[in-house]
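What follows is a set of notes on a single structure, which appears directly below.
Values below: all heavy atoms of this structure, side chains included; hydrogens, waters and symmetry mates excluded. First listed ligand is number 1; within each ligand, the first listed atom is number 1.
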Amino acid sequence: MIKLEHIRRSYVSEDIETTALADINLEIAAGEFVAIMGPSGCGKSTLLNTLGTVDRPTGGHYWFHDSDLMTLNEAGLAQFRAETLGFVFQSFNLIDELTIEENIELGLVYRKANGGNRRKRVVEAMDRVGISHRARHYPNQLSGGQQQRAAIARAIVGDPRMILADEPTGNLDTENGLQVMDILASLNADGATVVMVTHSPSHADMAQRRIDMLDGRVVASAARAI
Ligand code: ADP
Ligand code: ADP
């Protein structure tokens, strides 16, 4: 169980305060697939970055199962992220100078695993997203859909309990977007908690629950009708 209690996040620059998250109260069950929607600027990315512990709230509490993550220092949070989370972004964020398999292995950087085991994990992750035939290619030799599948392989190679995806289909055409959604749904079916920001109502409908945000708050939370 993941629980956010009275999470606030504001930015101050040149004496002007912007409230990105006003008061977020949210519970996410282990193994749930949640979609987050809302207009541009309502705080979706800030919420996802808070869940990912790459953005520190101004106030409130973040419980991840039995851990109070607000009590961890930077090193503790880095370890938490490496062991527990996988990140997927709208713009893929692959490193152009590395091959696809080298990019994917980066997902294991903070993992203690020997060479043979690392190799096995990379091969399995590539298989899982159907990118094995592109292992030795560079990102700019791949289509957008292939790059995003490779980015998902990098996110899952360490077997994370929670996948955080910020508009993962935002740069993809319909067919490639659906491929990415199918992969996320299948990872969720195998037990991963998935939290995804999306602008696509049809992709949000593939999640178990849809959360709508407005002005830094959750204004609606509805389970999918079955
Ligand atoms: P969304 O993802 O829904 O578009 P964001 O979480 O990116 O919204 O942003 C929420 C609000 O916080 C916006 O008003 C945005 O301008 C502001 N904001 C986000 N990041 C920063 C930052 N680093 N500095 C100042 N303001 C920011
Ligand atoms: P897949 O066979 O994995 O479904 P796609 O349908 O995404 O591949 O792409 C078809 C072919 O076109 C692939 O061989 C892919 O590498 C190539 N391709 C697509 N877009 C680009 C691009 N922007 N740059 C280079 N090659 C591309």
Side-chain angles (χ1 to χ4, degrees), residues 2-28 32-64 69-70 72-74 77-78 80-81 84-94 144 147-148 151-152 154-155 160 162-173 176-177 180-181 183-184 188 192-224:
I2 293 148
K3 192 169 186 178
L4 298 180
E5 290 177 319
H6 299 301
I7 290 285
R8 285 180 289 112
R9 175 64 162 113
S10 50
Y11 299 98
V12 179
S13 72
E14 295 175 6
D15 283 348
I16 298 171
E17 185 171 344
T18 308
T19 301
L21 301 178
D23 182 17
I24 298 285
N25 297 282
L26 183 62
E27 288 182 12
I28 299 171
E32 207 179 354
F33 188 167
V34 177
I36 301 172
M37 298 195 81
S40 183
C42 72
K44 301 181 298 297
S45 291
T46 306
L47 175 57
L48 208 68
N49 290 338
T50 300
L51 287 168
T53 74
V54 289
D55 191 83
R56 247 189 205 281
T58 316
H61 281 282
Y62 179 4
W63 297 91
F64 193 92
L69 295 185
M70 301 294 278
L72 297 185
N73 61 17
E74 267 317 309
L77 290 176
F80 166 77
R81 287 192 291 269
T84 318
L85 303 180
F87 293 91
V88 181
F89 308 93
Q90 177 173 7
S91 50
F92 323 136
N93 293 10
L94 297 168
Q147 288 187 55
Q148 189 61 303
I152 293 174
R154 178 188 55 194
M162 181 158 80
I163 297 166
L164 300 171
D166 198 348
E167 294 190 47
T169 62
N171 282 343
L172 303 179
D173 62 22
N176 283 297
V180 161
M181 288 306 303
I183 292 170
L184 292 177
N188 173 248
T193 306
V194 179
V195 183
M196 170 187 73
V197 169
T198 184
H199 283 293
S200 161
S202 66
H203 291 176
D205 280 346
M206 295 176 72
Q208 291 154 6
R209 180 158 58 116
R210 169 174 158 176
I211 287 169
D212 288 286
M213 289 183 70
L214 189 66
D215 299 337
R217 294 171 198 272
V218 173
V219 291
S221 168
R224 179 179 59 199

(Q) Do L184 and P168 make a side-chain contact, defined as non-hydrogen atoms from C-beta onward lying under 4.5 Å apart? (A)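 Answer yes - side chains close enough.
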Quick check on ligand 1: any N or O pairs to the protein under 3.5 Å? One line per pair.
unit_1   : atom_1 : unit_2 : atom_2 : d
ligand 1 : 2 (O)  : S45    : N      : 2.8
ligand 1 : 2 (O)  : S45    : OG     : 3.0
ligand 1 : 3 (O)  : G41    : N      : 3.4
ligand 1 : 3 (O)  : C42    : N      : 3.2
ligand 1 : 3 (O)  : G43    : N      : 3.0
ligand 1 : 3 (O)  : K44    : N      : 2.9
ligand 1 : 3 (O)  : K44    : NZ     : 2.8
ligand 1 : 4 (O)  : G41    : N      : 2.7
ligand 1 : 6 (O)  : T46    : N      : 2.9
ligand 1 : 6 (O)  : T46    : OG1    : 2.5
ligand 1 : 8 (O)  : G43    : N      : 3.1
ligand 1 : 20 (N) : Y11    : OH     : 3.4

Can you name the closest pair of heavy atoms from [X] and [Y] and give their distance?
X: C42; Y: D215; answer: CB-N, 3.8 Å
X: I28; Y: R209; answer: CA-NH2, 3.9 Å
X: A20; Y: Y11; answer: CB-CE1, 3.7 Å

Q.
Test your reading of the model: is there a side-chain donor-acceptor pair from K44 to the backbone of M196, 3.5 Å cut-off?
A. no
Q) Among all residues two or more places apart in sequence or in another chain, which pass the side-chain hydrogen bond (donor to acceptor under 3.5 Å, both in side chains) test with T18? A)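 Applying side-chain hydrogen bond (donor to acceptor under 3.5 Å, both in side chains) to T18 gives none.
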